[in-house]
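Questions regarding the structure given below will be posed in turn.
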Amino acid sequence: MTGYSVQIDEKWQRRWEETGLYSFDPGRLRDKYYVLSMFSYPSGAKLHVGHWYNFGLTDSWARMKRMQGYEVFEPMGFDAFGLPAENYAIQTGIHPEESTWANIETMREQLRAMGAMFDWDYEVVTCDPSYYRWTQWLFLQLHRAGLAYRAEAPVNWCPDCQTVLANEQVLDGACERCDSPVVHRNMTQWFFRITEYADRLLEGLDDLDWPERTKEMQRNWIGRSEGAKIRFPLADGGDSIEVFTTRADTLFGANYLVLAPEHPMVARIASQDRERAVTEYIERSARKSELERTSLEREKTGVFTGGYAKHPLSGERVPIWIADYVILSYGTGAVMAVPGHDERDFEFSEAHDLPIPRVVTSSDRSEAPLPYTEDGVLVNSGRFDGLTSAAARVAITDALRDEGLGESAITYRLRDWLVSRQRYWGAPIPMIHCDECGAVAVPIEDLPVELPHEVDYAPRGRAPLASSEDFVKTSCPECGGPARRDVDTLDTFVDSSWYFLRYPDSANDEQPFDRTRVDAMLPVDKYVGGIEHAVMHLLYARFINHVLYDLGHVGFREPFSSLTHQGMILGPDGRRMSKSRGNVVSPDDYITDHGSDVFRLYLAFGFNYVEGGAWEDDGIRATSRFIDRVRRWVQSVAEIGEGGGDGDATEADARLAYVEHSAIERVTGDAEEFHFNTCVARMMELTNALYQYEADVPPVEQNRDALMSATKTLLLLMAPFTPHFSEEMWESLGGEYSIFDQPWPVADPDKMKMDTVEIAVQVNGKLRATVQVPAGSTGEEIEDAARGHDRVAAYLTDGVKRVIVVPDKLVNFVI
RNA sequence: GCCGAGGUGGCGGAAUUGGUCUACGCGUGCGACUCAAAAUCGUAUGGGGCAACCCCCCUUGUGGGUUCGAGUCCCACCCUCGGCACCA
């Protein structure tokens, strides 16, 4: 028999396919287990180490679940819309549809060669009209429910490329392609009202089996903030300016207001003599790039508008300024400036020579230096003097409510989700614009709104679809008059926000999915993907699922019960792999040389799965050596066969059984937790124990049944991690096809009881000796055994103050 | 700045509820097999002290603390990585 190789991979992949081993059986829904890896973008390059790490080891997990008796559903698909294909098209002239489908075909082949259990009958491709038809359906559901709306908003605009950029294309305020500073342009676009779900998305997190840091990132992203809205009436009567604050207790220290330059009230407030300065400032702010307005520029600029408001409680005149450190989109776009107790306002007051009054002292009434941003005790605040900050927040908000000038309020950092993209390679937004009827939804029976093939997608400062007359010109579904289609496409995160619902019913052409089936199949039991999606995809998907729940399309709120993030495999130099650094590790070479299982097993063994780490070629050699070591062992066992030996349970037999069963227990437990590296360590220990047994016990005394049992256990434990190799070894031992139809081994607690245990003997907490005692010895027995040890006795000559015994573990003498 | 995760041998990495730190592997030393090499097998391997053994001392980023006992718990600090970042 020759060694394990890629030919073995091919042999078993063929066999699995021919026998339909991994076809999901919808008749066993009761035992279903939905294992999902985040689907990927079909790039032109080959599968990289990251794909393998994510898909390969998730597949290993799924294989264990299968052997544990679950009917595993492990689908795969492609997140195929998106910018790379379009940019590639702009560069080369190759149509995105052409390049994308070619890439998908390549990736399918490679994914097949990976030897995972993917059931391709349920494949999903987001750029296929049979899929995006239902993405459009989803948009219409939100639209009908009032959760999709149109509003003017700034988009990222690259003046050099003459195109709109997605947020992900803006790096540190600059265009990722040409590095020119990105500016904001206002356009009317579609939004999803995700802010309406802020609280539901927050609450839903509590019960999810997700990494705590990921939940925390979502909480921070949503950024719920409790405070108050306070209205400052304008001095000249009529309107008022509303501000949001979390520090209502500092209201008496508010000696001016600051509006964002874009605030709609600015024009109305500015006095005539200040108009020019105000206009100039607004224009200057608008010209500033995102970068200038945020990270670099710390100096607080701003101008006085000439307008005044009236302090809601003291009645004093409060000047109104504009400054671009106030953001229009957060809170009310206006703040009350409390320079004594807010660092930003303090800086602003210093820069513009404004007074800085104190209204809070520290709790011991000492005058802490300003700005003092902690809670404390109120001063200079009229009848609220002496209250603590916490009490004052309530009292002042109550007082404002009585006057009709304010109330407690909650705001969120989360913004509504802008889903329009002025791009070609995406799902067209299924809306029609009619001069008479306004924005009208495309009737569901007319879906899909197909993406036209012949389109000028070169950047010309407008949405590519606008160039297609045939596409744009249509008639209004309501009045029948001439109308125009929306020329924007949907953010690709919309495509991926529901694909997990489509998988179980991917061929359905009547509806996006059958509710009964989806309710039986979801939530996803285990979702695995990179942490880079912690707040984008994972939040959007939860939002969409919550909406579909509220609209009665699914019977569960949360789509992913349990989530794991794989870490990142870095180049051998410890840095992120990239072509420009020349540190990219290509799986293909290793697979050709060693077979895919060696590669997969190294990924399992060499890293903490969640942390990842730097690639090391030596690790591949180590796993290759291990697999060969197992192969040689299995070969020798196959030659000897079962039976024989005198069958008496010797001490060596017991030791082997102990290692066998503790390996079962620990592999099962560790794999469950995605601790694949320690799983492999346990397999190696079992292998070592087998060789040890053979070396220690003379051939005539060897218990072949025990050896065969432990060997089979080893193969079963290895099967999820080395599927082709284990199948081959299983066959060579005469095992029944397939090893993946065998039950996962179960540890026998009786076999894991050792007759004697080693006790650590400590003196004053320091290890001084170890002694062997029968398992289950009493404290006295253990103590006696320890005292009987020469070296220990030497320490105890001056008497013992206290003895601590941990049964079967240790004894500690305190002297 | 705020939030989160983490600092363990030469290296990748292990260590249930506080209970023998360094499992497993790599690398390295020595040995076996071999004409030789590779492969394989065996064996040793945290650092230091001692000619050497029994043995002793030190060691989980740093400094304190709690405890019979701390990688693990508490306090302070240093460093690394990730997220957010004028969010009122």
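Just so you know, these numbers come straight off a predicted model, no measurement behind them. Numbers restart at 1 for each chain; the letters A, B, ... are given by sequence-line order, proteins then strands.
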Students often get this wrong, so: under 4.0 angstrom with heavy atoms, is Y256(A) touching a base, only sugar-phosphate, or nothing?
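Nothing, no nucleic acid heavy atom in range.
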Base, sugar-phosphate alone, or nothing: which one does V814(A) contact when heavy atoms must sit under 4.0 Å apart?
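Since only primed, P, OP1 and OP2 atoms lie under 4.0 Å of V814(A), the category is sugar-phosphate.
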Do F674(A) and F676(A) have their ring centres less than 6.0 Å from each other?
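For F674(A) and F676(A), the ring centres are under 6.0 Å apart.
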Taking CZ from F346(A) and C1' from A88(B), how many angstroms apart are they, rounded to a whole number?
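Distance check: F346(A) CZ to A88(B) C1' gives 17 Å.
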Among G4(B), G27(B), A88(B), which is the nearest nucleotide to the side chain of R213(A)?
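Nearest to the side chain of R213(A) among the choices is G4(B).
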Can you check whether R655(A) reaches D696(A) side chain to side chain, under 4.5 Å on heavy atoms?
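Yes, close enough: below the 4.5 Å cut-off.
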Distance, rounded to the nearest Å, where I620(A) contributes CD1 and G12(B) contributes C1':
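In whole Å, G12(B) C1' lies 13 Å from I620(A) CD1.
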With respect to the phosphate group of G4(B), does any side-chain polar atom (N or O) of R219(A) fall under 4.0 Å of OP1 or OP2?
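For G4(B), OP1/OP2 do not have a side-chain N/O of R219(A) under 4.0 Å.
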Output yes when R393(A) and D375(A) qualify as a salt bridge under the 4.0 Å nitrogen-oxygen rule, no when they do not.
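Salt bridge between R393(A) and D375(A), a charged N being under 4.0 Å from a carboxylate O: yes.
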For residues L400(A) and L251(A), determine if any side-chain heavy atom of one lies less than 4.5 Å from a side-chain heavy atom of the other.
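Yes - at least one pair of side-chain heavy atoms lies under 4.5 Å apart.
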Any idea which of A88(B), C86(B), C68(B) is nearest the F244(A) side chain?
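Among A88(B), C86(B), C68(B), the one nearest the side chain of F244(A) is A88(B).
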Whole-Å distance between U67(B) P and F813(A) CZ?
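From F813(A) CZ to U67(B) P: 22 Å.
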Base-pairing string, 5' to 3', of RNA chain B - Watson-Crick or wobble, under 3.5 Å, | interstrand
(((((((..(((......[....)))((((((.......))))))((((.....))))..(((((..]....))))))))))))....
Base of G63(B) relative to its sugar, syn (within 90° of 0) or anti?
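Chi for G63(B) falls in the anti range.
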The side chain of D324(A) is closest to which nucleotide in this list: C86(B), C84(B), G25(B)?
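Of all the options, the side chain of D324(A) is nearest to C86(B).
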For C26(B) and G46(B), measure between their C1' atoms and round to the nearest Å.
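It works out to 16 Å between them.
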Would you tell me whether T713(A) and E660(A) have side-chain atoms, one donor and one acceptor, within less than 3.5 Å of each other?
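There is such a pair between these side chains.
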G82(B) C1' sits how many Å from R576(A) CZ, rounded?
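So the two atoms are 12 Å apart, to the nearest Å.
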Measuring to OP1 and OP2 of C84(B), would you say a side-chain N or O of R413(A) lies under 4.0 angstrom away?
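So the side chain of R413(A) is outside the cut-off, no N or O lying under 4.0 Å from OP1 or OP2 of C84(B).
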Look at the side chain of D342(A) and decide which nucleotide, out of C26(B), C56(B), A88(B), has an atom nearest to it.
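It is A88(B).
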Note, L539(A) side chain near L414(A) side chain (heavy atom, < 4.5 Å):
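Contact flag for L539(A)/L414(A) side chains = yes.
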Ring centers of F348(A), Y325(A) separated by less than 6.0 Å:
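Yes, the ring centres sit under 6.0 Å apart.
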Look at R625(A) and C26(B) and indicate whether a side-chain polar atom (N or O) is within less than 4.0 Å of OP1 or OP2.
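Yes, within the criterion.
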Just say parallel, tilted or perpendicular for the rings of F599(A) and W615(A), cut-offs at 30° and 60°.
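Ring orientation of F599(A) relative to W615(A): tilted.
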Tell me what G619(A) touches on the nucleic acid: a base, only sugar-phosphate, or nothing, going by heavy atoms under 4.0 Å.
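No contact.
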Whole-Å distance between A88(B) P and E347(A) CD?
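That distance rounds to 16 Å.
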Could you tell me how far apart E616(A) (CD) and G10(B) (P) are, to the nearest whole angstrom?
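Computing the E616(A):CD to G10(B):P distance gives 15 Å.
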With P as the reference atom in both, quote the distance from G71(B) to U20(B) in angstrom, rounded to an integer.
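So the two P atoms sit 10 Å from each other.
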Would you tabulate the pairs of protein nitrogen or oxygen atoms and nucleotide nitrogen or oxygen atoms of nucleotides 14-21 of chain B closer than 3.5 angstrom?
{"residue": "A14(B)", "atom": "OP1", "partner": "N608(A)", "partner atom": "ND2", "Å": "2.7"}
{"residue": "A14(B)", "atom": "OP1", "partner": "N677(A)", "partner atom": "ND2", "Å": "3.0"}
{"residue": "A14(B)", "atom": "O5'", "partner": "N677(A)", "partner atom": "ND2", "Å": "3.4"}
{"residue": "G19(B)", "atom": "N2", "partner": "Q762(A)", "partner atom": "OE1", "Å": "3.4"}
{"residue": "U20(B)", "atom": "N3", "partner": "E758(A)", "partner atom": "OE1", "Å": "2.8"}
{"residue": "U20(B)", "atom": "O4", "partner": "E758(A)", "partner atom": "O", "Å": "3.4"}
{"residue": "U20(B)", "atom": "O4", "partner": "E758(A)", "partner atom": "OE1", "Å": "2.8"}

Answer with base, sugar-phosphate or nothing: what part of the nucleic acid does N688(A) contact at a heavy-atom distance below 4.0 Å?
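Sugar-phosphate contact only.
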So do L563(A) and L208(A) actually touch side chain to side chain, heavy atoms under 4.5 Å?
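No, too far: nothing below the 4.5 Å cut-off.
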What's the closest nucleotide to the side chain of E216(A) if the choices are C56(B), G4(B), G25(B)?
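Among the listed nucleotides, the one closest to the side chain of E216(A) is G4(B).
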If you assign each of N220(A) and F605(A) to its closest nucleotide in RNA chain B, which residue comes earlier from the 5' end?
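Closest to the 5' end, via its nearest nucleotide, is N220(A).
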Is any side-chain N or O of R768(A) closer than 4.0 Å to OP1 or OP2 of C57(B)?
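It does, given that an N or O in the side chain of R768(A) lies less than 4.0 Å from OP1 or OP2 of C57(B).
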Rounding to an integer number of angstrom, what distance separates G69(B) and C21(B) when you compare their P atoms?
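Their P atoms lie roughly 14 Å apart.
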Give me the distance, rounded to whole Å, that separates A70(B) from C74(B) when you measure between the C1' atoms they each carry.
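Result for the C1' pair: 11 Å, nearest Å.
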Rounded interatomic separation in angstrom, taking OH from Y602(A) and C1' from G13(B):
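Taking OH of Y602(A) and C1' of G13(B), I get 11 Å after rounding.
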If you pin W221(A) and S225(A) to their nearest nucleotides in RNA chain B, which one's is more 5'?
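On the 5' side of the pair lies W221(A).
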Pick the P atom in G65(B) and in U17(B), then give their distance to the nearest Å.
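One P to the other, the span is 27 Å.
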Between H311(A) and F252(A), how do the two ring planes meet: parallel, tilted or perpendicular, split at 30° and 60°?
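H311(A) and F252(A): tilted rings.
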Classify G302(A) by what it touches in the nucleic acid, base, sugar-phosphate, or nothing, heavy-atom distance under 4.0 Å.
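No contact at all - G302(A) keeps every heavy atom at 4.0 Å or more from the nucleic acid.
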Could you tell me whether E780(A) and R787(A) make a salt bridge, using a distance below 4.0 angstrom between a side-chain N and a carboxylate O?
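Between R787(A) and E780(A) there is no salt bridge, as every charged N stays at least 4.0 Å from the carboxylate O atoms.
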Do V49(A) and L603(A) have side chains that get closer than 4.5 Å, going by heavy atoms?
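V49(A) reaches L603(A) side chain to side chain.
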Please measure how far the P atom in G7(B) lies from the corresponding atom in C11(B), and state the result in whole Å.
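It comes out at 15 Å once rounded to the nearest Å.
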At under 4.0 Å, does any side-chain N or O of K766(A) touch on OP1 or OP2 of C58(B)?
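The answer is yes; a side-chain N or O of K766(A) sits under 4.0 Å from OP1 or OP2.
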Is the closest basic N to carboxylate O distance between R631(A) and D628(A) below 4.0 Å?
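A salt bridge is present here (some side-chain N lies under 4.0 Å from a carboxylate O).
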P gap between C77(B) and U28(B), integer Å:
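These two P atoms come out 44 Å apart once rounded.
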To the side chain of R629(A), which of C68(B), G42(B), C26(B) is closest?
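Closest of the options to the side chain of R629(A): G42(B).
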What is the distance, to the nearest angstrom, from the CE atom on M568(A) to the P atom on A5(B)?
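In whole Å, A5(B) P and M568(A) CE are 20 Å from each other.
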Between G13(B) and G18(B), how far apart are the two C1' atoms, rounded to whole Å?
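Comparing C1' positions in G13(B) and G18(B) gives a spacing of 23 Å.
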Check: K801(A) side chain, C68(B) base, donor-acceptor under 3.5 Å
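Side chain to base: no pair below 3.5 Å.
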